[in-house]
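Report on the following structure.
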Amino acid sequence: MIVIDLPALHDAGILVPGQVRSALAEQFRHLKRPLLRNARSNAEGPEHPGTLIQVTSALPGEGKTYCAINLAMSMAMEVDTGVILVDADVIRPSVFARLGVESTAPGLLDLLTRTDLALPDALISTNVPKLTLMGAGNPSLRSTELLASAAMDRLLRQLATEYADHVVIFDAPPLLLTSESVVLASKVGQVVMVVESGATRQDSVREAFVALRHCPVVLSVLNKCDEQTGKGRYGYYER
Amino acid sequence: MEDGSNPLLVEIRRILQVLHQRRWLVLGVVWVAALISMVGVGLMKERHEASARIFVDTQTVLKPMLRDLAYQPDIDQQVRMLARTLITRPKIQRLLERPDMSAAFDNPANPEAVVSRLLDQIKIVAADRGNIYNVTYRDTNLKRARLVVEGTVDLFVSAGTDVKKKDSVEAGQFIEQHIATTEGKLVAAESRLKDFKVRNFGLTGVSPQDHFARLGVLSEEVTQLRSTLRAAEQSRDAFRRELAAEDPRLPAESLPGAAPPVANELDLRIDAQRRQLDELLRRYTDAHPDVIHARQVVTRLEQERRQAAERRASEGERTRGNAATSPVFQRIRISLAESEAQVASLKSQLAAKSGQLDEARSRAGRVPQVEAELAQLNRDYEVVRRTYDQLVARRESASLGVKLDESSQLADFRVIEPARVTPTPVFPSRLHLGLIGLVASIGIGVAVALGLEKMHPTVRGVRMLEQLSGRPVLGTVGFASTPAWVQASRRDWRRLIVASVLLLALQGAWLGWLLARSVSR
């Protein structure tokens, strides 16, 4: 059990459940609906379980960790569903740092390398009722291979079956820099591509989407984007 | 989502977004550009323009060039031609050689370069109407600019008159030369004509018709003379016959004279001999020797008688001499003498006239040719004469023209306004350039930002993302309005404003200084 300092998180600009309606909350509420719908319908079959959602981007710094956390928080407010937020960015794990917590519990890579560990060992519950965390684990040079291994398949299947009422959100590394993300994307049910408005080059974005062409469900999110559908103005929302 | 209501507004918003996103880049570029422009403008030397206004009789000056053209060039072309004619390398070199000019140019090491520059930069521009032009030159040095324009204008004015004088002097010399040669030719032609006339004296001056008429007349006369001569000869012969028939002496009865007895004796003997011959002939034939002998005697005797008679006649005449006693005889003799004289004179006349006729006939063939040669010589002479007359007339008119030019007020070049320099520098002055530099810097900054965006387009807007990805777009996420973020944002803005204000202040000071400098001039 970790305690997340929710007010601090709120000050940092991340969604916190239980707070006043804010524009951010509204946005993520809007975003999560299709994801949840897909997760529940599970239309893609066992190869691509809909409850496994990967949040990634073309290049680093586009805001995928931010989006992943916010999505997790937003989904944690769901009535029927729980959320497992996995820090799959094995190269530069940032979820815990972003949440302002630390943990010594084993992580994803540990689960894959060590046979003595089981899935529940890596899951960490938090003071947010429906939110569970999993760390990235010890960094390894073979992380891509590990993620591509049969152990990963087993783990994912386990997550999909044993935690079928949970949505698993993977905060994955950038697509274009490493191959881990692509490998992971081929195993999950949904991929959320976070694109930073006005910063990422179109070529890169295109490339990233090409890398995901075999994935059945890829949804994109435009981050740091001012355009609104008539709601609010540039940057300054009601707190 | 985008609102597609007003694409222009959308575009403007997009541009502002881009600029805001890359604001520091824009600011940085503007700063650098502004600094560069400041340095550049500071180093620049302002140029001043000197100009003079002149009147150029374009048609006259351009006449040598226009002569060979089939069309009349328009004003622009004429101005350009004028510029090329008036501003030539040798003229500029001469200009540079003037002491004040070479001093102004600091005795340059490379005069060729200076000449080239001047050639390039001294401009002639048409002003107002027709033949009025502005001569302009720009230079960083006020005095030098004015000197150049002054010198150039002087050059035109003096060159114009020089050329004119030289032209007329040359023309005059040319005409004189020509007149001298033509005069020589004239004299030669005259002497040839004279020689010819002398050589063919008598033939010349007579027309062919006259000549043939003369021939006809001559032959008529000859014929007439011949017939007259024949008549005269006839009458003379008649007179001769008459004279011969007539006895110059009167008969013996009328004259105191006696008939000689000798004749009677001969007659008796002849009669006797004749009677004998007849007798013989009665008896014998002609072949009989007696008959032959008798005939011979008779013949001999008759011969004697005749001789005696002749002797008597001649004696009788001799004793009487020229004094013919018969008046008829005398008259006949006189007439004979006259007719003989006439015949002689007619003969001589005929001879003379025949001679003339022959001579005339022999010359008849040559007359047409002579006439032709004479005509040719006359023609040649006429031609030379005409040329000579024309040249003399032209010389007169040329000298008249020169006098007219000198005395008249019209000239090829006149200075309307002498060279003067505007104290304010020619556009663009440093002040102008400073302002332009500032505006340009800002423009460059904006352009760089937009250019980068163009070169490396980013994703803006959901529609673009949708197109790009070919996947559905979940939605958008805005900025989080956390206090930290707000503070950071505000700080950013503050920094931006400070930097911009600093830049503007610097530029303002710079421009102000330039303004003060330009006003103080």
Side-chain angles (χ1 to χ4, degrees), chain A residues 10-15 22-24 26-35 58 63 66-67 70-71 191-206 208-210 212-213 215 217-239, chain B residues 1-7 9-26 449-493:
Chain A
H10 180 74
D11 286 340
I14 294 182
L15 255 184
S22 66
L24 194 66
E26 284 307 311
Q27 280 175 332
F28 275 98
R29 264 201 201 98
H30 180 77
L31 287 179
K32 71 179 175 180
R33 283 290 136 229
L35 290 169
Y66 174 80
C67 284
N70 279 327
L71 258 180
V191 180
V192 175
M193 175 82 91
V194 176
V195 179
E196 183 182 351
S197 169
T200 325
R201 303 234 311 251
Q202 285 182 7
D203 304 337
S204 314
V205 173
R206 209 180 285 124
F209 275 99
V210 162
L212 295 178
R213 65 188 175 280
C215 302
V217 180
V218 177
L219 303 163
S220 52
V221 170
L222 196 60
N223 195 11
K224 303 188 194 170
C225 177
D226 311 339
E227 293 170 27
Q228 295 299 314
T229 50
K231 276 201 253 180
R233 296 231 174 275
Y234 173 98
Y236 298 92
Y237 296 110
E238 281 271 22
R239 293 229 291 129
Chain B
M1 296 292 166
E2 293 166 352
D3 56 335
S5 58
N6 193 342
L9 274 181
V10 167
E11 190 62 29
I12 290 176
R13 263 216 326 234
R14 199 183 68 84
I15 289 174
L16 287 175
Q17 271 177 24
V18 171
L19 289 179
H20 176 74
Q21 194 145 14
R22 298 184 190 268
R23 53 193 175 277
W24 285 108
L25 173 69
V26 170
L450 291 177
L452 272 177
E453 174 68 21
K454 240 311 142 347
M455 278 207 305
H456 301 300
T458 56
V459 179
R460 290 179 186 287
V462 170
R463 210 158 299 174
M464 206 188 293
L465 182 57
E466 211 165 11
Q467 269 176 350
L468 212 55
S469 61
R471 302 279 198 175
V473 175
L474 265 183
T476 60
V477 176
F479 290 94
S481 55
T482 60
W485 189 88
V486 165
Q487 260 181 15
S489 161
R490 282 207 188 123
R491 224 185 347 215
D492 186 68
W493 266 111

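The figures here come from the full heavy-atom set of this structure, side chains too, leaving out hydrogens, waters and symmetry mates. Each chain gets a letter, A, B and so on, in the order the sequences are listed, and its residues count up from 1.
- Looking at A/Val192, only its side chain comes within 4.5 Å of chain B, counting heavy atoms on both sides.
- For a residue to count as touching a neighbouring chain, one of its non-hydrogen atoms must lie under 4.5 Å from one of that chain's; by this rule A/Val221 touches chain B with backbone and side chain alike.
- Annotation: maximal heavy-atom pairing with chain B below 4.5 Å, among A/Asp203, A/Thr200, A/Leu15, occurs at A/Thr200.
- In this structure, B/Gln21 and A/Ser197 approach most closely via the heavy-atom pair NE2-O, 3.4 Å.
- With rounding to the nearest 0.5 angstrom, the OG1 atom of B/Thr476 is 7.5 Å from the NE2 atom of A/His30.
- Of the listed residues A/Gly63, A/Ser204, A/Cys67, A/Ala199, the one with more heavy-atom pairs under 4.5 angstrom with chain B than any other is A/Ala199.
- With A/Gln27 contributing its side chain and B/Gly478 its backbone, the two residues share a donor-acceptor pair below 3.5 Å.
- Top candidate by heavy-atom pairs under 4.5 Å with chain A, chosen from B/Glu453, B/Arg22, B/His456, is B/His456.
- If you measure heavy-atom distances from B/Leu465 to chain A, the contacts under 4.5 Å come from the side chain alone.
- Nearest heavy-atom pair, A/Arg206 versus B/Leu468, reported as atom, atom and distance to 0.1 Å: NH2-CD1, 3.4 Å.
- For a residue to count as touching a neighbouring chain, one of its non-hydrogen atoms must lie under 4.5 Å from one of that chain's; by this rule A/Ala208 does not touch chain B.
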